[in-house]
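Read the structure below first, then the notes.
Residue numbers count from 1 along this sequence. Predicted model only: the values in this text are computed from it and were never measured.
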Amino acid sequence: MKLLFTTEIIQRAGKERQMLLLCRELLARGHDVRVLSIYATPLDYLQEYGIAPDRVRVIGDRGKLKKYRRMRDMLKEFAPDIVFAWDPLSALYAVLMRWRLRFSMINGSIQHGIWLWRPYYLFRNLVCRLSPYVVANSHAGLRANRLAPGSRRFVLHNGIEEKFVNRLSAAEVARRRAEWIPGFTENPGTVYVSVANF
């Protein structure tokens with residue numbers, strides 16, 4: 001299977017980590033996977049995931065029409081079976097090209113459950129509605145965009161790397177909790193931690 005991931009830019013963020021984890025695992029299973037970035041991107045981040053820089057192509061042109069044409073040319077050259085778009089702009093381009101270039105298309109641009117009445121959110125929502133398949137990283141993301149889960153709208157939770165698996169003993173957990181949360185041992189309870197958009 002030939003799979004193309006498209007994204008605006010590859011940077012150190014949750015969406016890109018999820019994309020690169022999927023890329024690494026699919027490559028390990030023998031699939032031909034490429035990444036197409038709209039904007040120039042530092043490629044050293046790929047090395048952390050063992051992905052060769054030659055797997056990435058950069059559009060880099062200015063102007064929406066030039067980007068569209070360059071993406072179309074790259075898609076013709078690679079001829080993927082599936083295009084998985086991680087941002088609304090390349091998702092729109094893929095929606096417009098998919099019938100002519102004969103590939104399946106998945107829109108993965110919903111990365112959180114936040115909705116604001118702003119042009120970006122409205123644009124993303126429109127492109128999601130035009131996309132044949134939509135993958136969100138949470139049910140809240142689908143709800144925020146008023147998309148009902150089903151056979152074409154579903155959730156793929158963020159991947160968890162092996163290095164994040166807790167291998168501490170119960171005694172070590174208790175020791176760290178006492179050290180990091182003053183007073184917890186005397187007065188145990190629920191501890192809330194805010195991460196990212198929480």
Side-chain angles (χ1 to χ4, degrees), residues 3-26 33-42 45-46 48-49 56 58-59 64 67-68 71 75 80-99 103-166 189-198:
L3 174 67
L4 179 70
F5 289 129
T6 66
T7 186
E8 285 178 317
I9 190 166
I10 300 172
Q11 56 190 357
R12 293 177 188 275
K15 171 180 78 172
E16 290 78 9
R17 184 174 56 81
Q18 189 179 23
M19 179 183 73
L20 294 176
L21 284 170
L22 285 169
C23 186
R24 182 181 69 192
E25 294 306 314
L26 289 165
V33 183
R34 307 286 169 90
V35 178
L36 180 61
S37 179
I38 292 178
Y39 301 107
T41 181
Y45 185 40
L46 300 172
E48 295 177 25
Y49 292 89
V56 177
V58 176
I59 294 176
K64 304 261 189 290
K67 287 182 175 78
Y68 176 86
M71 182 172 169
L75 283 167
D81 300 305
I82 299 172
V83 172
F84 191 115
W86 292 86
D87 69 285
L89 182 59
S90 68
L92 176 63
Y93 292 166
V95 164
L96 297 173
M97 294 179 209
R98 70 187 183 93
W99 292 110
F103 57 79
S104 296
M105 186 263 173
I106 301 168
N107 183 333
S109 65
I110 298 176
Q111 298 300 317
H112 51 69
I114 296 171
W115 175 264
L116 299 171
W117 287 99
R118 293 188 181 156
Y120 172 84
Y121 291 85
L122 293 167
F123 175 65
R124 184 185 66 192
N125 185 268
L126 173 65
V127 175
C128 284
R129 292 179 185 285
L130 295 173
S131 300
Y133 296 96
V134 175
V135 173
N137 69 356
S138 69
H139 291 285
L142 289 179
R143 277 194 307 274
N145 286 274
R146 294 159 187 82
L147 297 170
S151 61
R152 293 178 176 267
R153 310 284 188 254
F154 50 95
V155 173
L156 174 65
H157 294 284
N158 282 335
I160 303 298
E161 293 179 77
E162 190 68 21
K163 67 184 179 184
F164 294 116
V165 175
N166 184 358
T190 303
V191 177
Y192 292 95
V193 178
S194 174
V195 178
N197 288 322
F198 181 45

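- The distance from the OG atom of Ser138 to the CD1 atom of Ile110 is 8.5 Å, given to the nearest 0.5 Å.
- What you find for Met71 and Ser90 is that their closest heavy atoms are CE-O, 3.6 Å.
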Step by step, work out the side chain to side chain contact (heavy atoms under 4.5 Å, CB included) result for Trp86 and Gln111.
CA-CA 9 Å; Trp86 292 86; Gln111 298 300 317; 3.7 Å; yes

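- Within the model, atoms CD1 of Ile38 and OH of Tyr93 stand 6.5 Å from one another, a figure rounded to the nearest 0.5 Å.
- A pairwise comparison of heavy atoms in Pro132 and Arg153 identifies O-NH1, 3.3 Å as the closest pair.
- Taking both residues in full, the closest heavy atoms of Asp87 and Leu89 are given as OD2-N, 3.2 Å, listed atom of the first, atom of the second, then distance.
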Report the C-alpha distance between Val135 and Phe154 in whole Å, list the side-chain angles of each, state the deciding distance to 0.1 Å, and finish with yes or no for side chain to side chain contact (heavy atoms under 4.5 Å, CB included).
CA-CA 5 Å; Val135 173; Phe154 50 95; 3.4 Å; yes

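- From Leu156, atom CG reaches atom CZ of Phe84 across 6.5 Å, with rounding to the nearest 0.5 Å.
- Considering only residues two or more places apart in sequence or on other chains, Leu96 meets the side chain to side chain contact (heavy atoms under 4.5 Å, CB included) condition with Tyr68, Leu92.
- Of all non-hydrogen atoms in Asn137 and His112, the two that sit nearest each other are OD1-N, 3.8 Å.
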Under 3.5 Å, which donor-acceptor pairs link side chains of residues 139-150 to any protein atom two or more places apart or in another chain?
from: Asn145; atom 1: OD1; to: Arg124; atom 2: NH2; distance (Å): 3.4
from: Asn145; atom 1: ND2; to: Gly141; atom 2: O; distance (Å): 2.9
from: Arg146; atom 1: NH1; to: Ala144; atom 2: O; distance (Å): 3.1

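- In this structure, the separation between OH on Tyr49 and CZ on Arg17 is 6.0 Å, given to the nearest 0.5 Å.
- Note that CD1 of Ile82 and OG of Ser104 are 5.5 Å apart. Values are rounded to the nearest 0.5 Å.
- Of all the heavy atoms in Thr6 and Ala85, the pair that sits closest is OG1-CA, 3.1 Å.
- When all heavy atoms of Val35 and Cys23 are compared, the pair lying nearest together is CG2-SG, 4.3 Å.
- Sorted by first and then second residue, the ring pair (Phe, Tyr, Trp, His ring centres under 6.0 Å) pairs with a member in residues 116-135 read Trp115-Trp117; sequence neighbours excluded.
- Residues Trp99 and Met105 form no side-chain contact, since every pair of their non-hydrogen atoms from C-beta on lies 4.5 Å or further apart.
- Summarising the geometry, atom CG belonging to Leu75 is positioned 13.5 Å from atom CZ belonging to Arg98; distances are rounded to the nearest 0.5 Å.
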